[in-house]
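This report concerns only the one structure given below.
Order of the sequence lines sets the chain letters (A, B, ...), proteins ahead of strands, with each chain counted from 1. Note that the structure is predicted; figures quoted are calculated from it, not measured.
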Amino acid sequence: MDFFKEVYRLAKQISRGKVATYGQIAGLISTPRAARLVGFALRRSPNDVPWQRVINSKGMISIENLHCPKELQAKLLKNEGVEVFKRDGNYFVNLKAYQWQPK
DNA sequence: CGAATGACCAAGC
DNA sequence: GGCTTGGCCATTC
């Protein structure tokens with residue numbers, strides 16, 4: 001089963017200017033408990049996947065290390081028109097206003 | 001092939 | 001009400 005593939009496909013369906021949560025994506029693939037795998041998948045995502053539109057359930061950007069600084073994600077989201085707040089070195093998004101609603 | 005991994009989450013102190 | 005704990009399950013090594 002290409003779980004990752006499903007993750008990528010759904011990620012691509014997220015509207016510009018919207019964001020989704022890991023748990024939300026997992027639920028759409030009918031494996032709600034595999035939220036961690038969504039993160040796992042997005043870490044190894046191809047270049048054509050809008051991984052920056054996927055954040056954790058609290059609206060916080062949880063990236064910290066590696067070659068994907070959370071600043072980059074925040075910047076990308078801002079470019080798409082998503083309002084990003086910075087608080088104590090972490091970036092947050094108002095989920096109520098910007099969460100993506102699947103069809 | 002068995003064991004570790006992980007950009008999570010909900011429940012429990 | 002903030003912090004810790006344990007479970008989760010496909011991928012990776």
Report task. Report the distance from atom CE of A/Met60 to atom NZ of A/Lys70, rounding to the nearest 0.5 Å. Result -> 7.5 Å

Report task. Rounded to the nearest angstrom, tell me the gap between atom NZ in A/Lys5 and atom P in C/dA10. Result -> 17 Å

Query raised in the report: Which pairs pass salt bridge (Lys or Arg N to Asp or Glu O under 4.0 Å) with one or both residues in residues 73-83 of chain A, sequence neighbours excluded?
Result: A/Arg53-A/Glu80

Query raised in the report: Where along residues 95-103 of chain A does a heavy atom come under 4.0 Å from DNA chain B, residue by residue in number order?
Result: none

Report summary line: Closest to the side chain of A/Ile63, out of C/dT11, B/dA7, C/dC9, is B/dA7

Query raised in the report: Can you check the A/Met60 CE to C/dG2 P distance for me, whole Å?
Result: 14 Å

Requested in this report: Measure from CD1 on A/Ile14 to P on B/dA7 and round the result to the nearest Å.
Outcome: 18 Å

Query raised in the report: Side-chain contact, heavy-atom cut-off 4.5 Å: A/Val49 with A/Val7?
Result: no

**Report entry** Whole-Å distance separating the CZ atom of A/Arg43 from the C1' atom of C/dC13
**Finding:** 13 Å

Query raised in the report: Can any side-chain N or O of A/Asn94 pair as donor or acceptor with the backbone N or O of A/Lys96 at less than 3.5 Å?
Result: yes

Report task. Rounded off to whole Å, could you give me the CG-to-P distance for the A/Leu42 and C/dC9 pair? Result -> 19 Å

Query raised in the report: Could you give the CZ-to-P distance, from A/Arg44 to C/dC9, as a whole number of Å?
Result: 21 Å

Report task. Please name all residues satisfying side-chain contact (heavy atoms from CB on, under 4.5 Å) with A/Pro102, sequence neighbours left out, ordered by chain then number. Result -> A/Gln24, A/Leu28, A/Trp100

Query raised in the report: Considering residues at least two apart in sequence or located in another chain, which fulfil the side chain to side chain donor-acceptor pair (under 3.5 Å) criterion with A/Arg9?
Result: A/Glu6

Query raised in the report: Between atom CZ in A/Phe4 and atom C1' in B/dG6, what is the gap in whole Å?
Result: 9 Å

**Report entry** For atom CG of A/Asp88 and atom C1' of C/dG2, their distance in whole Å
**Finding:** 14 Å

Query raised in the report: Among all residues two or more places apart in sequence or in another chain, which pass the side chain to side chain donor-acceptor pair (under 3.5 Å) test with A/Gln73?
Result: none

Query raised in the report: Can you give one letter per nucleotide of nucleotides 8-13 of chain B, going 5' to 3': B for a protein heavy atom under 4.0 Å from the base, S for sugar-phosphate only, - for none?
Result: BS----

**Report entry** pair A/Ile63-A/Trp51: side-chain heavy atoms closer than 4.5 Å
**Finding:** yes

Report task. Just grab all the salt bridge (Lys or Arg N to Asp or Glu O under 4.0 Å) pairs involving residues 12-39 of chain A, residues at least two apart or on different chains. Result -> A/Lys12-A/Asp48

